[in-house]
Amino acid sequence: MSQPSEKALVPFVSVDNMMRLVHHTGVEQVLIDLTRYVEEDFRRWEQFDKTPRVASHSDVGVIELMPTSDGEAYGFKYVNGHPKNTAEGLQTVTAFGLLADVYTGYPVLLTEMTILTALRTAATSAMAAKYLAPKDTDTMAMIGNGAQSEFQSLAMKAIMGVKTVRLYDKDPAATAKCAANLAGSGLTVVSCSSPEEAIEGAQILTTCTADKQYATILSDNMVGAGVHINAIGGDCPGKTELSKGILERSDVFVEFPPQTRIEGEIQQMPEDFAVTELWQVITGAEQGRRDTRQTTLFDSVGFAIEDFSALRYIRDKVAETSFHEDLDMLADPDDPRDLFGMLQRAKV
Ligand SMILES: NC(=O)c1ccc[n+]([C@@H]2O[C@H](COP(=O)([O-])OP(=O)(O)OC[C@H]3O[C@@H](n4cnc5c(N)ncnc54)[C@H](O)[C@@H]3O)[C@@H](O)[C@H]2O)c1
């Protein structure tokens, strides 16, 4: 059988190569770079195709496709969310994604995105915190110590200068895992035995739990004025983390309102509940944090443009490093109309 031509090949970043790439660059540097890429794309938000992600729900989880395009490149991510998975030895969230050239429609990158999603989610959280968290933030609470938690903590260290992370998970084994992984990171890690203890003295409260229900990880009376809440885990219909009272007295910042109203914490609120779009804070059209008493809330659900930024970042990294392999992914007959002939000639 003949060798595939150049045109047949698409760079593929496996999990193994993604891990090499991250170690080669340094995890905090990747988070800093990704924050820059996401911020660049939020600044040019209006150039993108935007649609709420296409979700297929079941009793146990969700499978989603997240597409967008800036007119030159097109990207999508496949991602699942299955909170029951960890008990079966599987991850809650796995993902892969693709970037394509709009002019030819040809894919230019296929990559694992499970690790990349954790990185981009953390980078997006840190970018939001840059505009919304109190000045001189040095302590964060990290509630939910699963797969995303170390990434979230390190992004707040790298971008916000957080020095102390206070951990809580309903499963102490998850907290022990997170604390062990963060040892040597330069963060002071405090393991706590209740959410109340975890949020003591913290200016950023990150909730990143996985449970398919209207949960109350933070209740109204727990949260004092002036903090920034980074709510990551409420990202599906019927899956939230905050009490309504917190939403009522916070200024709520979102990615893409038509998606967040379906999936975010604000699904608990009326359709006309006031929110500010984060991209407008970044361009300066809207104000972020106004004063020290204001409670800000980033109601994060994860939007396709963040994945597009992450794909763009990996495409640039692939061009300058060897952390990929070439996949024979696109049929490339000598005569473009002779696809069948190519198949026939390949018969052994
Ligand atoms: N907003 C986004 O862009 C985005 C991106 C990725 C993941 N997520 C969401 O973030 C959440 C966490 O993802 P993950 O991959 O870390 O999941 P995970 O299953 O690895 O970890 C979740 C952790 O939450 C803990 N938990 C569950 N209920 C709790 C409670 N009531 N109090 C304290 N801890 C509790 C679990 O014990 C577990 O350790 C998921 O809900 C996922 O859908 C959001």
Side-chain angles (χ1 to χ4, degrees), residues 34 38 53 55 57 60-64 66 77 79-95 97 113-128 141-153 155 166-179 181 191-199 205-219 222 229-243 253-256 259-260 262-266 278 297-307 309-310:
L34 268 176
V38 174
R53 58 186 155 199
H57 296 279
V60 288
V62 64
I63 294 176
E64 298 163 326
M66 303 173 69
K77 178 170 86 173
V79 63
N80 75 299
H82 285 67
K84 57 92 191 156
N85 269 7
T86 51
E88 297 167 15
L90 301 171
Q91 291 196 93
T92 298
V93 175
T94 66
M113 287 191 83
T114 305
I115 294 170
L116 193 57
T117 292
L119 290 162
R120 80 81 156 114
T121 304
T124 307
S125 289
M127 177 190 72
M142 184 70 234
I143 302 179
N145 302 152
Q148 313 296 318
S149 60
E150 296 89 347
F151 298 88
Q152 286 284 329
S153 305
R166 301 175 64 83
L167 306 178
Y168 171 72
D169 193 291
K170 68 175 183 182
D171 178 359
T175 302
K177 175 253 357 171
C178 184
N181 284 340
S191 299
C192 302
S193 50
S194 70
E196 287 83 356
E197 187 189 345
I199 66 177
L205 318 184
T206 295
T207 55
C208 194
T209 64
D211 204 347
K212 213 168 162 21
Q213 61 160 327
Y214 294 108
T216 306
I217 306 302
L218 295 178
S219 59
M222 285 166 69
I229 303 170
N230 176 42
I232 301 299
D235 60 354
C236 239
K239 177 165 171 268
T240 58
E241 295 182 302
L242 306 179
S243 78
F253 297 82
V254 303
E255 292 142 317
F256 183 55
Q259 183 178 312
T260 313
I262 301 168
E263 302 179 348
E265 296 300 325
I266 59 167
L278 189 55
L297 164 61
F298 175 36
D299 185 1
S300 163
V301 291
F303 188 58
I305 292 175
E306 295 146 29
D307 298 307
S309 313

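Remember, it's 1-based here, ligands and their atoms both numbered in the order they're listed. No experiment lies behind these values; they were computed from the predicted model shown.
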Run the numbers for me: atoms of ligand 1, each under 4.0 Å from some heavy atom of Tyr168, listed by number. 33 (C)
Output the list of atoms in ligand 1 that are nearer than 4.0 Å to some heavy atom of Arg120, sorted by atom number. 3 (O)
Show which atoms of ligand 1 fall inside a sub-4.0 Å distance from at least one heavy-atom site of Ile217. 30 (C), 31 (N), 32 (N)
Give me the atom names and distance for the closest heavy-atom approach of Thr206 to Met142. CG2-CE, 3.6 Å
Roughly how far, to the nearest 0.5 Å, is the CG atom of Leu278 from the CG atom of Asp299? 11.5 Å
Does Lys239 reach ligand 1 with a nitrogen or oxygen that is under 3.5 Å from one of the ligand's nitrogen or oxygen atoms? yes
Number the atoms of ligand 1 from 1 as they appear, then name those within less than 4.0 Å of a heavy atom of Val301, with their elements. 1 (N), 2 (C), 3 (O)
Which ligand 1 atoms are under 4.0 Å away from a heavy-atom of Thr121? 2 (C), 3 (O), 4 (C), 5 (C), 6 (C)
Is any N or O atom of Thr117, backbone or side chain, closer than 3.5 Å to an N or O atom of ligand 1? no
Any N or O of Asp169 that comes nearer than 3.5 Å to an N or O of ligand 1? yes
Write out the residue and atom name of the closest protein heavy atom to atom 35 (C) of ligand 1, then the distance separating them to 0.1 Å. Thr209 CG2, 3.5 Å
Between Ala118 and Gln148 the two heavy atoms that sit nearest each other are CA-OE1, 3.2 Å
Counting from 1 in the order shown, the ligand 1 atoms closer than 4.0 Å to a non-hydrogen atom of Asp235 are 8 (N), 9 (C), 42 (C), 43 (O), 44 (C)
With nothing but distance in play, are any N or O atoms of Ser300 less than 3.5 Å from an N or O of ligand 1? yes
Only one of Leu205, Ile229, Thr207 passes side-chain contact (heavy atoms from CB on, under 4.5 Å) with Ile199, and that residue is Leu205
Point-to-point distance, once rounded to the nearest 0.5 Å, from CG of Asp235 to CD1 of Ile262: 13.0 Å
Heavy-atom closest pair (Met66 atom, Phe303 atom, distance to 0.1 Å) is CE-C, 3.7 Å
Where on Ile232 is there a heavy atom closer than 4.0 Å to ligand 1, on the side chain, on the backbone, on both, or on neither? both
Please tell me whether Ser125 and Asn230 have a donor and an acceptor in their side chains that are separated by less than 3.5 angstrom. yes
Is any side-chain N of the basic residue among Lys177 and Glu150 closer than 4.0 Å to the acidic one's carboxylate O? yes
Shortest non-hydrogen separation from Leu242 to Glu265 and the atoms involved: N-OE1, 3.0 Å
Phe303 near ligand 1, heavy-atom distance under 4.0 Å? no
Is ligand 1 under 4.0 Å from a heavy atom in the side chain of Gln91, in the backbone, in both, or in neither? neither
Contact check: Thr92 vs ligand 1, nitrogen or oxygen atoms, below 3.5 angstrom: yes
Ligand 1 and Gln148, any nitrogen or oxygen pair closer than 3.5 angstrom? yes
With distance as the sole test, does Glu64 use its side chain to make a donor-acceptor pair with the main-chain N or O of Lys77 at under 3.5 Å? no
Could you state the interatomic distance from NZ (Lys239) to CG (Asp211), rounded to the nearest 0.5 Å? 8.5 Å
Does one side chain, of Asn145 or Thr175, offer a donor that lies under 3.5 Å from an acceptor on the other? yes
Would Asp171 count as a polar contact of ligand 1, with the cut-off being nitrogen or oxygen pairs under 3.5 Å? no
Atoms of ligand 1 less than 4.0 Å from Ala174 heavy atoms? 39 (O)
So, 4.0 Å and heavy atoms of Cys208: is ligand 1 close enough to count as a contact? yes
If you measure every N/O of Val93 against every N/O of ligand 1, is any gap under 3.5 Å? no
Can you report which non-hydrogen protein atom sits closest to atom 29 (C) of ligand 1, along with the distance? Lys170 CD, 3.6 Å
For Gln152, which part has a heavy atom under 4.0 Å from ligand 1: side chain, backbone, both, or neither? neither
For Thr86, the ligand 1 atoms with a heavy-atom partner under 4.0 Å come out as 19 (O)
